[in-house]
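For reference, the structure discussed in these notes is given below.
As the structure is a prediction and not an experimental result, all values here were calculated from the model.
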Amino acid sequence: MTLGFRSFVAGAIMLGALSVSATAARAADIVDTAVAAGQFKTLVAAAKAAGVVPVLKSKGPFTVFAPTDAAFAALPPGTVEDLLKPKNKGKLAAILKYHVIPGAVKSGDVAGKKLSVKTAQGQKVDVDGTFFGVQVNDAHVVQADIVASNGVIHVIDKVLLPPAKAPMHH
């Protein structure tokens with residue numbers, strides 16, 4: 001399974017933009033859907049580095065707020081590279097799990113509502129569907145309801161960072 005997934009990722013990266021138009025007849029899982037979309041290379045690399053791919057490939061269902069590569073690129077310089085280091089695996093996993101909500105939540109479920117939803121990381125995100133579109137904390141959902149076999153992906157324009165439980169040490 002992992003070997004096939006690795007070669008699929010390698011193939012998708014080599015194909016680049018071509019893989020975006022190719023959609024499988026049956027719904028792919030969240031990870032394969034993100035890979036095929038082509039705008040989540042950082043997210044997929046981070047999920048692999050953090051060891052959360054098996055979770056995202058499991059039955060679910062999950063709702064994933066997926067930051068684009070541009071959202072990761074907007075973090076302070078060096079942040080992503082630092083998070084991808086093996087010593088920061090736990091921190092990276094916590095950040096990624098903060099983007100995951102148990103259950104499949106579609107945009108229609110939150111339209112006109114303000115919710116505080118517990119994430120897989122344990123802390124809550126504020127989901128606000130009372131404006132035009134949906135906001136998650138300070139990120140905007142730029143593309144909603146990408147259905148995968150084990151959940152739903154909502155594309156967001158910012159990386160969600162869990163609120164610090166204790167003062168950060170630099």
Side-chain angles (χ1 to χ4, degrees), residues 1-2 5-6 8-9 12-13 19-20 22-24 26-75 79-80 83-84 88-111 113-129 131 133-163:
M1 179 72 197
T2 48
F5 177 67
R6 255 194 221 114
F8 176 75
V9 170
I13 290 169
S19 66
V20 176
T23 51
R26 61 178 187 79
D29 66 38
I30 285 170
V31 176
D32 293 344
T33 302
V35 168
Q39 60 176 340
F40 305 112
K41 290 185 178 74
T42 311
L43 179 63
V44 172
K48 286 165 71 178
V52 298
V53 167
V55 175
L56 295 176
K57 288 181 92 59
S58 67
K59 202 169 126 196
F62 306 104
T63 300
V64 177
F65 297 112
T68 59
D69 290 336
F72 277 103
L75 290 169
T79 304
V80 174
L83 286 170
L84 290 173
N88 291 323
K89 185 175 180 177
K91 188 176 178 185
L92 180 60
I95 291 171
L96 294 177
K97 286 178 182 169
Y98 190 63
H99 290 76
V100 179
I101 294 174
V105 181
K106 295 203 170 164
S107 58
D109 301 331
V110 298
K113 299 178 189 158
K114 280 190 180 191
L115 308 166
S116 187
V117 189
K118 192 170 181 177
T119 66
Q121 177 259 357
Q123 287 175 283
K124 293 181 172 183
V125 287
D126 293 318
V127 179
D128 189 343
F131 295 110
V134 176
Q135 239 183 299
V136 185
N137 289 355
D138 62 345
H140 292 91
V141 173
V142 290
Q143 191 182 349
D145 303 334
I146 300 171
V147 178
S149 63
N150 62 344
V152 186
I153 298 172
H154 300 293
V155 184
I156 54 173
D157 62 358
K158 279 189 180 162
V159 176
L160 305 173
L161 296 171

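- In this structure, D69 does not pair ionically with K41, as no charged nitrogen and carboxylate oxygen lie closer than 4.0 Å.
- T79 meets the side chain to side chain contact (heavy atoms under 4.5 Å, CB included) test with L75, P76, L83; sequence neighbours excluded.
- Counting only residues at least two apart or on different chains, no ring-ring contact (aromatic ring centres under 6.0 Å, His included) pair has a member in residues 133-153.
- Checked against side-chain hydrogen bond (donor to acceptor under 3.5 Å, both in side chains), S58 has no partners two or more places apart in sequence or in another chain.
- Remark: K89 pairs with no residue by the side chain to side chain contact (heavy atoms under 4.5 Å, CB included) rule, at least two apart or across chains.
- Residues forming a salt bridge (charged side-chain N to carboxylate O under 4.0 Å, His left out) with K124 (at least two apart in sequence, or on another chain): none.
- Annotation: side chain of L56 is not in contact with side chain of D29 (no heavy-atom distance under 4.5 Å).
- With sequence neighbours excluded, no residue forms a ring-ring contact (aromatic ring centres under 6.0 Å, His included) with F62.
- Not a single side-chain hydrogen bond (donor to acceptor under 3.5 Å, both in side chains) links N150 to another residue, sequence neighbours left out.
- In this structure H99 satisfies the ring-ring contact (aromatic ring centres under 6.0 Å, His included) test with no other residue, sequence neighbours excluded.
- Not counting sequence neighbours, T119 has no partner by the side-chain hydrogen bond (donor to acceptor under 3.5 Å, both in side chains) test.
- Remark: A93 engages A50, V52 in a side chain to side chain contact (heavy atoms under 4.5 Å, CB included) (not counting sequence neighbours).
- Looking at V152 and V105, their side chains never come closer than 4.5 Å, going by heavy atoms from C-beta outward.
- Judged as a salt bridge (charged side-chain N to carboxylate O under 4.0 Å, His left out), and not counting sequence neighbours, the contacts of D138 are K158.
- Residue pairs meeting the salt bridge (Lys or Arg N to Asp or Glu O under 4.0 Å) criterion with at least one partner in residues 96-109, sequence neighbours excluded, are absent.
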